[in-house]
Visitor: 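I'd like to ask you about the structure that follows.
So that the names make sense, note that chain A is the first sequence line, chain B the second, and so on, each numbered from 1.
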Protein chains: 2
Amino acid sequence: MSRGGLSSVTIGRLAEATGLSKSGLFAHFQSREALEVALIEETARIARRHIVEPAMQVPEGLPRLMALVGRWFGWSARAGLCGGCPAAAAMFELDDMAGVVRDRLVALDDEWRELLRANVGRAMELGHLRGETDVEQIVWELWGIYLGHHSAMRFRRDRQADERAQTALIALLRRSGADPSHL
Amino acid sequence: MSRGGLSSVTIGRLAEATGLSKSGLFAHFQSREALEVALIEETARIARRHIVEPAMQVPEGLPRLMALVGRWFGWSARAGLCGGCPAAAAMFELDDMAGVVRDRLVALDDEWRELLRANVGRAMELGHLRGETDVEQIVWELWGIYLGHHSAMRFRRDRQADERAQTALIALLRRSGADPSHL
DNA sequence: ATTTAGTACGAACGATCGTGCTATTTGGCA
DNA sequence: TGCCAAATAGCACGATCGTTCGTACTAAAT
């Protein structure tokens, strides 16, 4: 899924990879659609373990936000996946397809954006960011930087992707009056 | 292709849509791979006509850069496509697949980035942007904003996507000392 | 002891995929 | 008008897709 997207995860291939028979494996999911939902949910689980949980150990405010974003960018490689972020790829794969799979992914995206929103907001409350900061705009631009980083890494094979993303991130937070001692 | 990605454009479906027979249509391309390359090239042609050519009528420097980017964001809808940007989707679809299709897309991406680079550079020469601007970084972040806008529009169905992108764009150019009269 | 539920299997289904071969039709030029 | 090459059609192929079916075997519940 990380390498070829949702549609590349075929019941036949998955059966071969697991050593199960096609029909035996199919019985566990009842439908291709349910398998795809399960795949998305598993992606979320892995992401939470690798990104959210460690970041929550860091002090609230800008430090935690930086930890969160730092672990977010490029997480799929650190999680041992051999391709890119399955969720990002799925967004482009499903953006025009209606159905429960897309719905589940939208819900997951909402959840993630809410997490970002909360942490940007907390940083503001703690005075790490300017008071009149547009939280939603920050979250919006963070997504842009993430997607840019993703395509730079995986499509363009840009060696400087990490630096570029970091530069963009710092500029974004500075613009919002970030306390430079936390960057 | 705009709606379902490269892999959704199947020879059978295309034959049915054009009224040709499968084999008759196939004879024109000799292979699925060649068809995909042709699709990517056609995408580039449409994009050039809708984005680049009109923008070249605008005075050099920041005005032309703004015209370019203004026509870039959300161009697929204005070009009459019923889905998102085929090139952006293809990047996420092919990011880990080797082959001539990917190669062609990379070349196209290089071409586009070179165009952006040239126009950011020209704006700098004309004093519309600060002299010590990191041109490559601007281009990099423009891509991020574009991808963010794309996913906001098509996946999240965000009504404010245009505003958000515009805000991010202006902030990026301001950071580079853009003459505010041109924004 | 008997029913039930869960798990897995092999075989087959109708579609559709890309791709060959072989005709047939077509359109421009001698 | 006749001819040749290009364009298109017809048909078939092996693969793979998601899905269904009937059937074992096992463990739990009755």
Visitor: Could you pull out every donor-acceptor pair under 3.5 Å between side chains of residues 15-22 of chain A and any protein atom, sequence neighbours left out?
Guide:
| residue | atom | partner | partner atom | Å |
| --- | --- | --- | --- | --- |
| A:T18 | OG1 | A:L14 | O | 2.9 |
| A:T18 | OG1 | A:A15 | O | 3.1 |
| A:T18 | OG1 | A:L20 | N | 3.4 |
| A:S21 | OG | A:G24 | N | 3.0 |

Visitor: Do the non-hydrogen side-chain atoms of A:W143 and A:M91 ever get within less than 4.5 Å of each other?
Guide: yes

Visitor: Round to a whole Å and report the spacing from CG of A:L35 to P of D:dC17.
Guide: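 Result: 12 Å.
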
Visitor: Tell me whether A:L68 shares a hydrophobic cluster with A:V58, the cluster being built from Ile, Leu, Val, Met, Phe, Trp, Tyr side chains joined at under 4.5 Å.
Guide: no

Visitor: Atom CZ in B:F73, atom CE in B:M153: separation rounded to 0.5 Å?
Guide: 11.5 Å

Visitor: Heavy atom of residues 9-17 of chain B under 4.0 Å from DNA chain D: which residues?
Guide: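 Going residue by residue through residues 9-17 of chain B, none turns out to have a heavy atom under 4.0 Å of DNA chain D.
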
Visitor: Could you go step by step and tell me if B:E41 and B:R45 meet the salt bridge (Lys or Arg N to Asp or Glu O under 4.0 Å) rule?
Guide: CA-CA 6 Å; B:E41 239 126 43; B:R45 244 189 311 274; over 6 Å; no

Visitor: B:E33 has an atom CD; how far is it from atom P of C:dC17, in whole Å?
Guide: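 Nearest whole value for this atom pair: 18 Å.
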
Visitor: For nucleotides 10-13 of chain C, tabulate all protein N/O to nucleotide N/O atom pairs closer than 3.5 Å, reporting atom names and distance.
Guide:
| residue | atom | partner | partner atom | Å |
| --- | --- | --- | --- | --- |
| C:dG10 | N7 | A:S23 | OG | 3.0 |
| C:dG10 | O6 | A:S23 | OG | 2.6 |

Visitor: Can you tell me if the side-chain N/O atoms of B:H28 get under 4.0 Å from OP1 or OP2 in D:dA7?
Guide: no

Visitor: With a cut-off of 3.5 Å and sequence neighbours excluded, list every side-chain donor-acceptor pair involving residues 176-183 of chain B.
Guide:
| residue | atom | partner | partner atom | Å |
| --- | --- | --- | --- | --- |
| B:S176 | OG | B:L172 | O | 3.2 |
| B:D179 | OD1 | B:S181 | N | 3.1 |
| B:D179 | OD1 | B:S181 | OG | 3.0 |
| B:D179 | OD2 | B:S181 | OG | 3.3 |

Visitor: CZ of B:F26 versus C1' of D:dC13: gap in Å, rounded?
Guide: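 Value for this atom pair: 13 Å.
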
Visitor: Test of understanding: with salt bridge (Lys or Arg N to Asp or Glu O under 4.0 Å), list the residues that count as partners of B:E136, not counting sequence neighbours.
Guide: B:R113, B:R117

Visitor: Take the protein atom CD of B:Q30 and the nucleotide atom C1' of C:dG18, then report the distance between them rounded to whole Å.
Guide: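 From B:Q30 CD to C:dG18 C1': 13 Å.
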
Visitor: Under the side chain to side chain contact (heavy atoms under 4.5 Å, CB included) test, which residues partner A:S2, sequence neighbours left out?
Guide: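 Partners of A:S2 under the side chain to side chain contact (heavy atoms under 4.5 Å, CB included) test: A:L81, A:P86.
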
Visitor: Measure the distance from CZ on B:R32 to P on C:dT19 and round it to the nearest whole Å.
Guide: 8 Å

Visitor: Taking atom P of C:dC9 as reference, at what distance in whole Å does atom CG of A:L25 sit?
Guide: 9 Å

Visitor: Starting at CG of B:L20 and ending at P of D:dA6, how long is that distance when rounded to a whole Å?
Guide: 18 Å

Visitor: Rounded to whole angstrom units, what separation is found between the CZ atom of B:F29 and the C1' atom of C:dG20?
Guide: 18 Å

Visitor: What I want to check is whether the side chains of A:H149 and A:D158 have a donor and an acceptor closer together than 3.5 Å.
Guide: no

